[in-house]
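Comments concern the structure below.
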Protein chains: 2
Amino acid sequence: MGTVAALQTVGSTGGVSARAFKPLLREVSRSTPTCSDCTLRTHCVPAGLEQDTLGAFDRLRASRMRIKRGDTLYRATDRFTAVYAVRSGSCKTLILSEQGHEQVTGYHMPGEVVGLDGIDNGVHGCQVVALEDTEVCALPFEALERLAHDSTSFQHNMYRLLSREVARDHKTMLLLGSMRAEQRLAAFLLDLARRYQALGYSSCEFILRMTREEIGSFLGLKLETVSRLFSRFHHDGVIQVQGRVVKLLDRNALQRLVGAEP
Amino acid sequence: MGTVAALQTVGSTGGVSARAFKPLLREVSRSTPTCSDCTLRTHCVPAGLEQDTLGAFDRLRASRMRIKRGDTLYRATDRFTAVYAVRSGSCKTLILSEQGHEQVTGYHMPGEVVGLDGIDNGVHGCQVVALEDTEVCALPFEALERLAHDSTSFQHNMYRLLSREVARDHKTMLLLGSMRAEQRLAAFLLDLARRYQALGYSSCEFILRMTREEIGSFLGLKLETVSRLFSRFHHDGVIQVQGRVVKLLDRNALQRLVGAEP
DNA sequence: CGACTAGTTGAGGCCAGTCAATGTTGGTGG
DNA sequence: CCACCAACATTGACTGGCCTCAACTAGTCG
């Protein structure tokens with residue numbers, strides 16, 4: 001019984017949605033690639049680990065999986081067995097309100113980890129959907145706990161990972177609770193730029209992987225408002241935007257917007 | 001050198017605000033009380049630990065501290081050395097925007113833990129202010145990490161604690177991002193009721209420890225809006241409200257409000 | 001090609017914000 | 001004890017930012 005079978009079971013027992021019978025996942029390589037070879041190792045879960053702990057990390061035997069654009073990695077209420085590190089591509093995490101309204105809680109790039117909110121009661125709290133064809137590394141949580149037990153430095157890494165997520169969410173709450181629409185979008189663009197830069201990509205020109213509606217969901221705005229703001233920023237010469245291709249022309253202006261009075 | 005001295009140092013080196021010279025903390029008892037005696041032990045950090053681990057937990061020598069109403073336990077940018085479990089009373093956590101706008105990120109009751117967002121980079125990410133005279137137990141984080149290393153069940157508890165915070169924050173993001181004002185207040189009241197009930201208090205009658213403005217800050221609303229909503233709920237017979245004394249009369253109605261269409 | 005999804009833009013409405021006046025509460029000191 | 005004050009709360013009138021509804025365009029895919 002491979003990891004994938006188990007995970008597929010999880011996927012199919014979870015949601016009772018229309019897509020219930022569509023296989024969610026497909027394994028890419030059973031020859032589990034090692035973290036110590038990974039180009040992302042300095043940005044991902046094992047960031048900062050000394051060489052010997054990194055070796056132990058390889059023995060986790062994380063299995064890499066491919067998710068096609070629009071497909072779901074797991075749903076809320078699916079059983080929690082692993083967290084997932086984005087290897088390539090990107091995805092969104094979302095929760096559904098009682099009426100099925102979708103709230104995007106985050107966008108995730110390579111090196112980032114999703115699924116941490118499922119640890120508490122062994123059930124996933126959100127749904128993960130790929131924004132483009134995406135590869136993730138499934139890290140069985142029990143194995144992570146064992147590894148954390150053996151290595152205090154990795155244990156500390158795990159705490160930091162969770163703590164960072166909490167701090168990030170608090171910032172998002174500030175955005176949603178006290179910023180006006182244009183401040184939210186400006187903050188969003190600057191955050192994306194910063195993260196692309198951290199990965200070595202251009203920080204002033206990038207492609208949005210999500211729709212206007214998805215951006216709006218994350219920012220607490222309607223898609224028309226997002227679209228209008230893009231047009232306004234473009235008109236004001238702050239950015240260039242052509243569909244999903246965005247170029248930041250005046251980051252100081254964006255920064256000033258974020259820091260402007262209510 | 002006691003914990004308190006260290007903590008007071010932290011407090012005074014932290015903020016450069018007007019209150020910088022006002023002593024923030026005062027120790028209540030150097031005779032560190034033990035968790036195994038604590039009436040909150042089943043709701044707090046050591047929840048669910050077996051007896052022998054609980055004994056090890058006592059050796060943490062958590063120091064109990066008293067914070068007066070309106071006083072600050074720590075500020076953002078203070079050095080992170082410990083997390084704090086609320087022993088009695090209640091407090092709010094908040095972050096400040098660039099313009100000094102205050103966003104409340106949470107209200108915390110006995111048994112709940114604050115400070116987890118400081119683990120990542122060793123610096124507190126938010127400020128904690130007591131809403132009433134409050135006692136907290138300072139849990140030195142290094143000691144918690146050592147204990148987690150010795151006890152896998154406690155290690156799991158720590159992960160659950162952090163994970164719960166993440167899941168809670170996601171729910172707040174849903175509230176801020178997709179609910180209208182009356183839904184937000186209804187959800188807020190029901191959440192308070194649930195938590196009071198979990199502590200064994202009345203779940204339908206309680207005293208709000210925060211001002212209308214603070215409620216508004218948490219919910220992304222202005223204080224006038226909060227006040228108007230209280231009046232409306234009262235007028236509609238859903239709640240009784242007299243200043244800060246609230247009585248829930250029709251919880252189903254509140255539930256229906258939360259679950260209503262946008 | 002037609003159907004569909006994503007995005008843009010305009011017109012109008014409404015919910016929550018803003019400004020302002022007044023009422024209420026709680027703490028302090030004479 | 002009461003007077004006083006400051007902080008908190010309520011309520012009204014008005015405004016405006018974002019939502020809603022709708023029409024239209026552009027690109028994609030079977």
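Every heavy atom of this structure was used, including side-chain atoms; hydrogens, water molecules and symmetry mates were not. In what follows, chains are A, B, ... by sequence order, proteins preceding strands, each numbered from 1.
A salt bridge links E112(B) with R195(B): the distance from a Lys NZ or Arg NE/NH1/NH2 to an Asp or Glu carboxylate oxygen falls below 4.0 Å.
OP1 or OP2 of dA9(D) sits under 4.0 Å from a side-chain N or O of R244(B).
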Quick one, give me the B/S/- string for nucleotides 11-18 of chain D, reading 5' to 3', where B means a protein heavy atom under 4.0 Å from the base and S means that only happens at the primed atoms, P, OP1 or OP2.
BBB---SS
Summary of protein contacts for nucleotides 24-30 of chain D, nucleotide by nucleotide, where a base hit scores B, a sugar-phosphate-only hit scores S (4.0 Å, heavy atoms):
-------
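Around CD of E182(B), the count of heavy atoms belonging to other residues, nucleotides or ligands within 6.0 Å exceeds 12.
Rounding to whole angstrom units, CZ of residue F230(B) and C1' of dA16(C) are separated by 17 Å.
Each of Q127(A), H108(A), Q103(A), H124(A) was scored for a side chain to side chain donor-acceptor pair (under 3.5 Å) with T93(A), with one residue passing: H108(A).
A heavy-atom distance below 4.5 Å is not found between the side chains of F188(B) and L175(B). E214(B) has its side chain within reach of Y107(B): a pair of non-hydrogen atoms, C-beta onward, lies under 4.5 Å apart. Residues V83(A) and V114(A) have side chains not in contact (no heavy-atom distance under 4.5 Å, counting atoms from C-beta outward).
Helix-axis bend for the helix from dC1(C)-dG30(D) to dG30(C)-dC1(D): the local axis fitted to the five terminal pairs at one end deviates from that at the other end by 40°, rounded to 10°.
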Applying side chain to side chain donor-acceptor pair (under 3.5 Å) to Q99(B) and S97(B), what does each step give before you reach the verdict?
CA-CA 5 Å; Q99(B) 306 79 47; S97(B) 71; 3.2 Å; yes
